[in-house]
Amino acid sequence: MMDPSMKKKPSGQPVRMAGIRRSTLKRIPTLAAGYIMLLLLALFMMGPFLWLLSVSLMPGTNVFAFPPAIFPTFIKFDNYVEVWSFIDFPKFIGNTLIITGLGLVLNIVLSLSTAYPLAKMRFKGRSLVFTILVSTMIIPSSTALVVHYLTISWFNLLDTFVGIVLPSAVSVFNIFLMRQTFMGIPDDIRDSGKVDGASEFRIWWQLMVPMVRPGIAVIALLEFMSYWNSFLWPIVVLNDPAKYPLASALTYLNGQFSYNFGWIAAGTILSVLPIIIVFLFTQRYYMEGISGAVKG
Amino acid sequence: MRRRTLASDALPAWSFMAPGLLVIAVFVLFPIVYSIPLALTNYSVLGETKYVGLDNFTRAFKDDSFVTSLKNSVLYIIVVPVLQLFSILMAILVNSRIPGIQAFRTAYYIPVVTSMVAVALMWNWLLSQNGVVNYILIELGLTNEKIGWLTSSATALYVLMFITLWKGLGYYMMLYLAGLQSIPSDLYEAAIVDGASWTQRVRHITVPLLRPYIFFCTLISLMGAIRVFDEMFVLTNGGPGTATLTSSLYIYQQGITQLNYGYASALGLIVSVIIGAFSIIVFRFNRRGGVNPY
């Protein structure tokens, strides 16, 4: 369909570069308007966090005083030191990491394997499986909570990390997302693998999976945040608060020290920081995956 | 020819899907199936469990709290079109290569990765009577009085919708961005060569090729809106009164707090039927919308 020579960088690049240089002057107002919109949006999305940060850095601030303190007038790390010694943060972060890691691996592998045939293979019952999967998306999670609790207790998995992860080891949402990604890959690739005599597993693992890296990155990203932030189900499953992940521990902190705004603000910032740092890393991978897929 | 392909793919297909479908069967299908017999009983922690027929369903529609919660859940759908429109616009805005764009994308995504506990805590303070939001509105001259955004039944549900929107924008923006970047840049380059304007490019390239993403995102945000739970669970617990009581929260209160498993299952089934009806509408809408490019 496409002339292979058009894909080559050297022939395409210089033309586009020249076009941009010529129109740079014309683009300045558009660019300025773009940056203003980007900045206003950034203030809207980040403002609350910056304010929380400033509350956490000013020990003794009353968030219910009027007019409220918006910008920090002084900076002290007392809240962080006090909260870190009161709550065993490294342990809760460790718990969260185990739960999140287990959930990520299961979700990526299972959605890759389940979505692949739905997108690329022709077999009897494919549309039936698809219809059943679609129809399962309509059930309110709050009814499932009761049955999940019963099921996990039948499996003797109460008070374990596996018990937290298993009900969400693969989601219909991830299968759909992965199916969409697989569908974007030309059928020729699978056919050429077959012609070369590769097994179905090798075609999947060595040809198809590397091509859906953007989809894997998206699932990794979404599952990471969902496991990191889950607080309700861990509280239901775990009897031992020492096994709590960070978000569950934070609700505990909020209930215990609701009068100490600085502590809660500092604890919240501490719980949010690791996920932001890992998000930055994942996002870079995610963008690389996309550009890699476009280039490849 | 076609028949042979059908037969040869069946074994590998089912082998690939088996582990995933097993998990789905136990943790997604079983709860649905099991909730039907459960809904026909009075199963709870108190008393003897027996078959009560459709009593739970007749009770549900006489239950004022449940009817109110249904209304609130359906009203919550308002958030869906607003969320999709703004996240597509944001995706288009951040789908450029200008310096620093990566930082902006990250900034917009941070509310998504933050736990609802943290978000709730922040906005609870910001939206209090003496909070920053009232302060800014008064300074800008938009209002004279301090509004108790989450404590007034007139505003509470809409304020929660706003929080849903604020927290969800980055998520859908990222999905749409992935969609935008899957569109070959050759198409745009060809259109530019042909003299197409920005609006024409959006209308004739972006929107048609983004269609499967729009369908997908609308569907999941619609289901999320009707099933909304975390926002009211953490922030208002359904209050003031029943102003922010949604069906998921009411089912949780009946099933987990009060341990009326039978009644909660019946409520869950009613809500499922309603969500099913809305999803069918979205599917029809998508089919009528023309050819799916994927």
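Letters A, B, ... mirror the listed sequences (proteins, then strands); counts begin at 1. As the structure is a computational prediction, the values presented were derived from the model and not from experiment. Atom set for the values below is all heavy atoms of this structure, side chains included, hydrogens, waters and symmetry mates excluded.
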What part of Val129(A) is in contact with chain B, defined as an atom under 4.5 angstrom from a non-hydrogen atom: side chain, backbone, both or neither? side chain
Side chain to side chain contact (heavy atoms under 4.5 Å, CB included) against Pro111(B), all qualifying residues, sequence neighbours excluded: Met45(A), Phe49(A), Trp166(B)
Measure distances from Ala265(A) to the heavy atoms of chain B and classify the residue's part below 4.5 Å as side chain, backbone, both or neither. both
State which residue, out of Tyr34(B), Phe27(B), Phe30(B), fulfils the ring-ring contact (aromatic ring centres under 6.0 Å, His included) condition with His148(A). Phe27(B)
Please look at Val170(A) and chain B and tell me whether the side chain, the backbone, both or neither of the residue comes under 4.5 angstrom of a heavy atom of that chain. both
About how many Å separate CD1 of Ile276(A) and OG1 of Thr106(B), when rounded to the nearest 0.5 Å? 10.0 Å
Ala169(A) and Val23(B) have their tightest heavy-atom pair at CB-CG1, 4.0 Å
Given a strict heavy-atom distance threshold of 4.5 Å, which part of Thr114(B) is in contact with chain A: side chain, backbone, both, or neither? both
Would you please name every residue forming a ring pair (Phe, Tyr, Trp, His ring centres under 6.0 Å) with Tyr135(B), sequence neighbours left out? Phe66(A)
Where does Ile175(A) contact chain B at under 4.5 Å (heavy atoms): side chain, backbone, both or neither? side chain
Can you check whether Ile220(B) reaches Phe173(A) side chain to side chain, under 4.5 Å on heavy atoms? yes
Please tell me if the side chains of Trp125(B) and Ile264(A) come closer than 4.5 Å, counting only heavy atoms from C-beta onward. yes
Please round to the nearest 0.5 Å and tell me the distance separating atom CG of Leu133(A) and atom CD1 of Ile24(B). 6.0 Å
Who wins among Val112(B), Val94(B), Asn134(B) for the most heavy-atom pairs under 4.5 Å with chain A? Val112(B)
Contacting moiety of Leu39(A), where chain B heavy atoms sit under 4.5 Å: both
Where the side chain of Asp9(B) meets the backbone of Phe123(A), is there a donor-acceptor pair that is under 3.5 Å apart? no
Identify which of Tyr261(B), Trp14(B), Phe233(B) forms the greatest number of heavy-atom pairs closer than 4.5 Å to chain A. Trp14(B)
Kindly compute the distance separating CD1 (Ile275(A)) from OG (Ser115(B)), expressed to the nearest 0.5 Å. 8.0 Å
Can you name the closest pair of heavy atoms from Thr114(A) and Gly20(B) and give their distance? OG1-CA, 3.4 Å
So does Tyr149(A) have more than 12 non-hydrogen atoms from other groups sitting under 6.0 Å from OH? no
When the 4.5 angstrom heavy-atom criterion is applied to Ile138(B) and chain A, the contacting part is side chain
Please look at Ile98(B) and chain A and tell me whether the side chain, the backbone, both or neither of the residue comes under 4.5 angstrom of a heavy atom of that chain. both
What do the steps show when you test Leu38(A) against Ile101(B) for side-chain contact (heavy atoms from CB on, under 4.5 Å), and what is the final call? CA-CA 9 Å; Leu38(A) 286 167; Ile101(B) 196 67; 3.9 Å; yes
Minimum-distance pair of heavy atoms, taken over all atoms of Val147(A) and Pro31(B): CG1-CA, 3.7 Å
Got a donor-acceptor contact below 3.5 angstrom from the Asn229(A) side chain to the Val113(B) backbone? yes
Tyr116(A) side chain vs Ala13(B) backbone, donor-acceptor pair below 3.5 Å: no
Contact leader toward chain B among Ala247(A), Ser171(A), Pro48(A), Gly267(A), where contacts are heavy-atom pairs under 4.5 Å: Pro48(A)
Counting heavy-atom pairs under 4.5 Å with chain A, the top scorer among Lys146(B), Gln254(B), Lys167(B) is Lys146(B)
Give, as side chain, backbone, both or neither, the part of Thr268(A) having an atom under 4.5 angstrom from any heavy atom of chain B. side chain
Interatomic distance, CZ@Phe16(B) vs CD@Glu200(A), rounded to 0.5 Å, equals 6.0 Å
From CA spacing to verdict: side-chain contact (heavy atoms from CB on, under 4.5 Å), Phe44(A), Tyr108(B): CA-CA 9 Å; Phe44(A) 175 62; Tyr108(B) 303 162; over 6 Å; no
Let me know if Leu232(A) has heavy atoms under 4.5 Å from chain B in its side chain, its backbone, both or neither. side chain
Exercise: identify the closest heavy-atom pair between Pro99(B) and Tyr35(A): O-OH, 2.6 Å
Heavy-atom distances under 4.5 Å only: say whether Ala118(B) touches chain A with side chain, backbone, both or neither. both
As a quick check of understanding, evaluate side-chain contact (heavy atoms from CB on, under 4.5 Å) for Leu177(A) and Leu175(B), giving each step before the final call. CA-CA 10 Å; Leu177(A) 199 73; Leu175(B) 288 181; 4.1 Å; yes
Check each atom of Leu150(A) against the heavy atoms of chain B and say whether the ones under 4.5 Å are side chain, backbone, both or neither. side chain
Sort Phe155(A) into side chain, backbone, both or neither according to what part of it lies under 4.5 angstrom from a heavy atom of chain B. side chain
Using heavy-atom distances under 4.5 Å, tell me whether Met121(A) contacts chain B through its side chain, its backbone, both, or neither. both
Counting only heavy atoms closer than 4.5 Å, note whether Trp51(A) contacts chain B via side chain, backbone, both or neither. side chain
Separation between CD1 (Ile32(B)) and CD1 (Ile132(A)), nearest 0.5 Å, reads 10.0 Å
Let me confirm one number: the CE-CG distance from Met173(B) to Leu41(A), rounded to the nearest 0.5 Å. 9.0 Å
